[in-house]
Amino acid sequence: MSRALATTTASKRSPLPADLDATRLPAHVAVIMDGNGRWASRRGLPRVMGHREGVEALKRTLRLCSDWGIGALTAYAFSTENWNRPGEEVGFLMTLFERVLARELEALEQEQVRIRFLGDLEPLPAGLRELIANATARTAHNSGIHFNVCTNYGGRAELVRAARLLAERVAAGELDPASINEDLFAAQLHTAGERDPDLLIRTSGEQRISNFLLWQLAYAELHITNVLWPDFDERALHAALLDYQGRQRRFGGVDAAGA
Ligand code: IPE
Ligand code: IPE
Ligand code: MG
């Protein structure tokens, strides 16, 4: 009986809050999940406990985005600069990624989530790479939300890689440099095939991009909240979406009223 109850609870969908316009939701939300360390320090806990709690926040956010009809969620999990952290913290994070991925794969499959990992995956531990390859393949044809986890991701590295890929094709005589345009360039990025994020959320109050999606965020609306990532919940996502829906996106033009 308790099992049945758990199943029912797990499959319950959260309705979209009434003050949000379902027709004007961001199609793609990106999030810089920051503040795990501070969350833990404030509780007198080791920093890594904040990372553990951050996983719960990510699961909540993915579930809500999926329930509310947002097409894609891209989360910054580990930057190319995060290798500069103490070895113990880096090691904890890699093990955490492995454990969570192994544990959650079945649920992701059931929820029709299509998971991908964006970044240079080569330097990741072999066990993690295997899990990533498996999860990517097993969810590739799922019809639900696109869930992108940026792991050993850096915006500059991504741009340099794109330039190199194009240069190689030019050098091989396969590509005319004059035919390189924005679409062809974007097609070399890890995010190829995904539309650009409409909304970027950064938690913990830092007002910077930290080498995240430098190309793709060109016209994203920015929402910075003081909430620390492990505390990010339905209320915080709701607030971000309300903020987004209050914006006038102009893309360099003038708004509809011509103001
Ligand atoms: C974000 O939280 C998680 C990662 C970068 C992996 P932090 O670990 O950066 O937390 P703060 O910013 O030190 O509080
Ligand atoms: C950005 O957070 C990277 C991730 C959330 C994975 P950081 O905590 O690494 O960024 P800085 O150092 O404050 O710019
Ligand atoms: Mg941080």
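In what follows, residues are counted from 1 in the order of the sequence shown. As the structure lists them, so they are numbered: ligands from 1, and atoms in each ligand from 1.
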### Query
Under a 4.0 Å heavy-atom limit, does Arg202 contact ligand 2 with its side chain, its backbone, both, or neither?
side chain
### Message
Under a plain distance cut-off of 3.5 Å, with no hydrogens placed, do His51 and Asn36 share a side-chain donor-acceptor pair?
### Response
yes
### Message
For a quick test of reading the model, state the closest non-hydrogen atom pair linking Ile209 to Leu200 and the distance between them.
### Response
CD1-CD2, 4.0 Å
### Task
Using a strict 4.0 Å threshold on nitrogen-to-oxygen distance, state whether Glu194 and Arg114 make a salt bridge.
yes
### Message
Salt bridge check, Arg13 against Glu111: does any charged N sit closer than 4.0 Å to a carboxylate O?
### Response
yes
### Task
Tally every protein N/O/S atom whose distance to the Mg ion (ligand 3) is less than 2.8 Å; waters are neither shown nor counted.
1
### Message
I need the contact type for Glu206 against ligand 2. Using non-hydrogen atoms and a strict under-4.0 Å cut-off, is it side chain, backbone, both or neither?
### Response
neither
### Message
Can you report which non-hydrogen protein atom sits closest to atom 1 (C) of ligand 1, along with the distance?
### Response
Met33 O, 2.9 Å
#### Entry: Heavy-atom nearest neighbour in the protein, as seen from atom 10 (O) of ligand 1, with distance rounded to 0.1 Å
Gly37 N, 2.9 Å
### Message
Distance under 4.0 Å to a non-hydrogen atom of Ile32: what atoms of ligand 2 satisfy this?
### Response
1 (C), 5 (C)
### Query
What protein heavy atom is closest to atom 12 (O) of ligand 2, reported as residue, atom name and distance in Å?
Arg208 NH2, 4.6 Å
### Message
Using side-chain heavy atoms (C-beta onward) and a distance below 4.5 Å, is Cys150 in contact with Phe212?
### Response
yes
### Query
When you measure from the side chain of Gln112 to the backbone N and O of Ser143, does any donor-acceptor pair fall under 3.5 Å?
yes
### Task
With heavy atoms under 4.0 Å as the rule, classify the contact between Ala77 and ligand 1 as side chain, backbone, both or neither.
backbone
### Query
Short N/O distance, under 3.5 Å, between Ser210 and ligand 2?
yes
### Task
Between Phe212 and ligand 2, find which residue part has any heavy-atom pair under 4.0 Å and reply side chain, backbone, both or neither.
neither
### Query
When you check the side-chain N and O atoms of Ser14 and Arg63, is any donor under 3.5 Å from an acceptor?
no
### Message
Quick test of your reading of the model: are Arg60 and Asp233 salt-bridged, counting only N-O distances below 4.0 Å?
### Response
no
### Query
Got a sec: does the CZ of Arg156 have more than 12 other heavy atoms crowding it under 6.0 Å?
no
### Query
Which of the atoms in ligand 2, numbered in the order shown and given with their element, are less than 4.0 Å from a heavy-atom of Phe78?
6 (C)
### Query
Any heavy atom of Ser204 sitting closer than 4.0 Å to ligand 1?
no
### Query
So, is Asp34 polar-close to ligand 1, with some N/O to N/O distance under 3.5 Å?
yes
### Task
Have a look at Arg47, Arg42, His51, Arg85 and point out the one with the heavy atom closest to atom 13 (O) of ligand 1.
Arg47
### Query
So do His28 and His146 actually touch side chain to side chain, heavy atoms under 4.5 Å?
no
### Query
What about Asn82: any of its N or O atoms under 3.5 Å from an N or O on ligand 2?
yes
### Top protein contact for atom 2 (O) of ligand 1, by heavy-atom distance
Asn36 N, 3.2 Å
### Query
Is it true that the side chains of His238 and Asp19 contain a donor and an acceptor less than 3.5 Å apart?
yes
### Validation row: Ile32, Trp229 side chains within 4.5 angstrom (heavy atoms)
no
### Message
Strictly below 4.0 Å, N to O, side chains only: are Arg161 and Glu158 in salt-bridge contact?
### Response
no
